[in-house]
Amino acid sequence: MFRKKWLMAILFIATLVISLIVGNLKTEYVTAQDNADKKLVMVTSADYPPYQFRQTDSGNSEIVGFDIDIAKYITKKLGYKLEIRDTDFSGIIPALQSGRADFAMSGMTPTAERKKNVAFSDLYYEAKNTIVSQKTSNLKNTADLAGKKVGVELGTTQEKTAKSLKDVQVVALNRPGSIIQELKSKRLDAAILEDTVAKGYVANNPELTYEPIPTTSEEVGSAIAFPKNSPLVNSFNQVLQEMKQNGELQKLITKWFGSDGAKVSSYQANNNAANAATPSNTPIAQNTQNTGRKLIMVTSADYPPYEFRKTGSGNDIIGFDVDIAKYITRELGYELEIKDTDFSGIIPALQSGRANFAMAGMTPTPERLKNVDFSDIYYEAKNTIVSKKGSNLTTIASLAGKKVGVQLGSTQEKFAKEKIKGAKIVALNKTGDLIQEIKSNRISAAIIEDAIAKGFIANNPDLEFTTIPNSSEEAGSAIAFPKGSPLVQPFNKVLQQMKQNGEMDALVKKWFENQGGNQAAEEQKKPSSFETAWGSIPFIAQGIIVTLQFTLISSFFGFLWGIVLALFKISTIKPLNIFAKVYTSVFRGTPLLLQIALVYYATPQLTGYDIPALLAGVITFTLNSGAYISETIRGGILAVDKGQREAALSLGVPYQPMMKDIILPQAVKNILPSLVNESIALLKDSSLVSTIGVVDVLRRAQIVGAEKYIYFEPLLVAGLIYYVLVMLLTWGGSKLERRLQRSA
Amino acid sequence: MNDDYNGVLKKDAAALNGKTDIAIQVEDLYKSFGSLNVLQGISTEIDRGQVVALIGPSGSGKSTFLRCMNLLETPTSGKVFIDGKEITSPKTDIMKVRQNVGMVFQHFNLFPHMTVIKNIMYAPLKVKNISEEEARRVGMDLLKKVGLEAKANAYPSQLSGGQKQRVAIARSLAMKPDIMLFDEPTSALDPEMVKEVLDVMKDLAKSGMTMAVVTHEMGFAKEVADRILFLDQGKLAEDSPPEQFFSNPKCDRAKQFLDNIL
């Protein structure tokens, strides 16, 4: 009886988890309309850079992009607060129709069908479609696509365009990223993507190229969508008009589309010409004079919000410093190339002349000044003391005798060591670690730069920060140049100009003040971190499919491979014997993590086959678990009474059927508990695939942690999910065992 | 019952054609396990239809000798012929020979994960490629002969020791062998179950099966065997008809042995 109740409980939990996955999108919207005093809810599909996309890996998972900037501008002008909701592209129109959102911006083209269901603003951007393909494939125009496999994003105007072409096999995928991947692995011959999107990908995938498709008479451009008869349409159009006139729109176009990557082809000139109707700033005109002149900047792209990589799409380096660098180089008429290196490699890069300048949130210290030149300070960071609320650690003096955390190698470390008397300094690798240590009382306070501290405080209501008044010493960021570089003066001039025309303030605001929405008023409404973690269950639970996929496929093949190896081991054929023994010792003797990395990274280099992460994971787990299972099976075979073998032999039964029908069934029955053990271990080990970029349960928990500034709560959720999965596996295993036991 | 076995196991004349009168011939057989010399030069032959009991003190090499006859043990030197064919030659397909030489073990060695009838049907199906119905028919007939047709669908774990051994005999017979080797078939049985197994063996002997039986059942040896082979320290110490062996053994070692057990 008890056992039955237990079973029901597990089934209940499983059902709950599944229904949460299914209900994911719906639950996100529920409250949207309710608290909309002066708030507008916008839906978008944040997977379409540069229109809208997420920056995830930096402890900052905001949706950013061209559309987002426009939406922010308009709502601010109209006096609304903006709330952005992410959904699948196909869920946008339903969200508008059901009133769960006030408007939608998602690079949407106002097609006739869509106009039946929603209202559209004027066009804010006209995009062109392009054919993206491998450089070698020579696909130039739509006629070339006859008989080819062509990828498009599901539900887009490109899908429609592709379907209208003759003899083209259209493959609709969910994400542009997967289309590019399919192109690279030659599963697709070409793809039709919007030019701006294509440009970003091509810049980052040198083997690809794109060709614009001449515009048809039909409207292709992006407009804002509203529910039918929305009163917002007119006011939005007014602001759009205003943006076109005051140059704001052009600025954003340049920001998001203008200097993306390094490829600037004649096509971009067309693009600019198309937009010439709108008043334009001078930079582009200047730019053309200097085509071909290029400045190389080095940075260490691991320091958000100064510079960091956005994952998920083009893997571009973005950030405050990058924006400044782009602005300055554009003003001066240079192309910009950004190189990533370790922080410690920056000064050597400048000294060796491999880079023209460096921006990495660098403070011009006397030591550094010996080796490189610096521009004026472009941003002064302030240090803050972060501590638990009520701890009263607000001055440097109060830190005496306390444990104080800093980030390893930062100016804060130096600052703390020099200025805080009598404190014990603890240097950790990541700011997130510092926060967690404060929360768990292992350190009393941490010295963190204000911009970064702000984001964390906003999301951890139990903490507070106090800004440390600046000392006389220079503590701010400047641009570094090789000694005697002629660029220092022009750069300083542009920096001056940026400070005067408000551009710098805009960037400071963009990168430092919008982190995590830290307005005091909003802070009040913040859910507790557990509620946040609870809300993230559906997101984390989506990793179950990946995790189970790995476990089941790898267990199955690992088992088969284990049998083969076990037979090799008990075989009398020497080479097989030796092979199996060496194999096992290698795979048991090296870390699984290393094996995954090797399979994933070495395969393309050695064989030219770009192995997908999922396949690499499955292969590694199969190979590894085969080694372990083979020992278990060998033990199981040896444990089968030798009389069984003799009986079979005396009946004249040959080796193969004897093994298959007599020995292995008995061996497997005996080792079943060990096999269940092995697959449980595999299920948990599958979390290692997150290291090669597979988004499984653990990886998702980490993403949530980074995005929501919470540390262990999502891990608890992931732990719970793993535990439930293991329970299910255990239950299945013991059921199987009982069933086999019946026949003996 | 005598005729019944003939009915089940009957071979057509062609199959027996050309076979010699000597079923098993052993020439100067040696077998060592490391430094332990278990068999030290045994030569003998067993005629077709003969029942031979192998008797001797423990460690004398009886079981090893028996197991050399179907190469479950590989002799260190010497030759073994079955039906005139040298099975110790590497050219011989030993699997083929074993199909014709059944063996019954002390510990039955039934396949625990198969039902009784599946145990019996398995080898004929796998090795002889006969049809499922044919295998089942032969299997059920044999079960009837050993008095266990009611247990056809039971698993070995549900049987008593005597029943298991009778099933094991039926399993060997299902391959229709010419020769049957018995390796202490009743040693692992409770005393009250010994008889049911010996009865089956007696019937089999009467049907004309060539049998070599390692046994401690002197009554059975006296009543059923045509010859007694007495082994001592890896050597064939005496080879006599049972009447003579039990009443007046030739060698002293045999005398001593009989004194100890009788």
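Chain letters run A, B, ... following the sequence lines, proteins first and then strands; every chain starts at 1.
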Asker: So, taking the atom named CG in B:D183 and the one named OG in A:S650, what distance separates them when rounded to the nearest 0.5 Å?
Answerer: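 If I round to the nearest 0.5 Å, the distance is 11.0 Å.
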
Asker: Quick check on B:R171 against chain A: is it the side chain, the backbone, both or neither that has a heavy atom closer than 4.5 Å?
Answerer: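 B:R171 touches chain A through backbone and side-chain heavy atoms alike.
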
Asker: Might you confirm whether atom OH of A:Y655 has over 12 heavy atoms from other residues, nucleotides or ligands at distances under 6.0 Å?
Answerer: yes

Asker: At a 4.5 Å cut-off on heavy atoms, which part of B:L110 comes close to chain A: side chain, backbone, both, or neither?
Answerer: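 For B:L110, the contact with chain A is made by the backbone alone.
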
Asker: Does atom CZ (A:R645) have a neighbourhood of more than 12 heavy atoms from anything else shown, all under 6.0 Å?
Answerer: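 No, because the 6.0 Å sphere around CZ of A:R645 holds 12 heavy atoms or fewer from other groups.
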
Asker: Of all the heavy-atom pairs spanning A:Q666 and B:P112, show the shortest one and how long it is.
Answerer: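 What the structure gives for the nearest pair is OE1-CG, 3.3 Å.
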
Asker: Looking only at non-hydrogen atoms, find the nearest pair between B:F111 and A:A647 and report the distance.
Answerer: CE2-CB, 4.1 Å

Asker: Among the options B:L181, B:I94, B:V127, pick out the one with the most heavy-atom pairs lying under 4.5 Å from chain A.
Answerer: B:V127

Asker: Of all heavy-atom pairs between A:V653 and B:A123, which one has the smallest distance, and what is that distance?
Answerer: CG2-CB, 4.2 Å

Asker: Name the region of A:P665, side chain, backbone, both or neither, that has any atom closer than 4.5 Å to a heavy atom of chain B.
Answerer: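 Interface part for A:P665: side chain.
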
Asker: Check the surroundings of atom NZ in B:K151: do more than 12 heavy atoms from other residues, nucleotides or ligands lie under 6.0 Å from it?
Answerer: no

Asker: Side chain, backbone, both or neither: which part of B:F105 has an atom under 4.5 Å from a heavy atom of chain A?
Answerer: side chain

Asker: Supply the atom-to-atom distance B:H113 NE2 to A:Q644 CD, rounded to the nearest 0.5 angstrom.
Answerer: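 With rounding to 0.5 Å, NE2 (B:H113) is 7.5 Å from CD (A:Q644).
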
Asker: Using a 6.0 Å cut-off, check whether atom CZ of A:F557 has over 12 heavy atoms from anything other than its own residue.
Answerer: no

Asker: In Å and rounded to the nearest 0.5 Å, what is the CE to CE distance from B:M95 to A:M658?
Answerer: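 B:M95 atom CE to A:M658 atom CE measures 7.0 Å (nearest 0.5 Å).
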
Asker: Can you find a heavy atom in the side chain of A:E646 that is under 4.5 Å from one in the side chain of B:H107?
Answerer: no

Asker: Taking the side chain as everything from C-beta on, heavy atoms only, tell me whether A:L651 gets closer than 4.5 Å to B:Y122.
Answerer: no

Asker: Does A:I573, at its CD1 atom, have more than 12 non-hydrogen atoms belonging to other residues, nucleotides or ligands within less than 6.0 Å?
Answerer: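 No, not enclosed.
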
Asker: Which pair of non-hydrogen atoms, one from A:I662 and one from B:M114, has the smallest distance, and what is that distance?
Answerer: CD1-CE, 3.6 Å

Asker: Going through the distances and angles, do B:K126 and A:Q656 end up as a side-chain contact (heavy atoms from CB on, under 4.5 Å)?
Answerer: CA-CA 11 Å; B:K126 281 286 157 184; A:Q656 262 189 2; over 6 Å; no

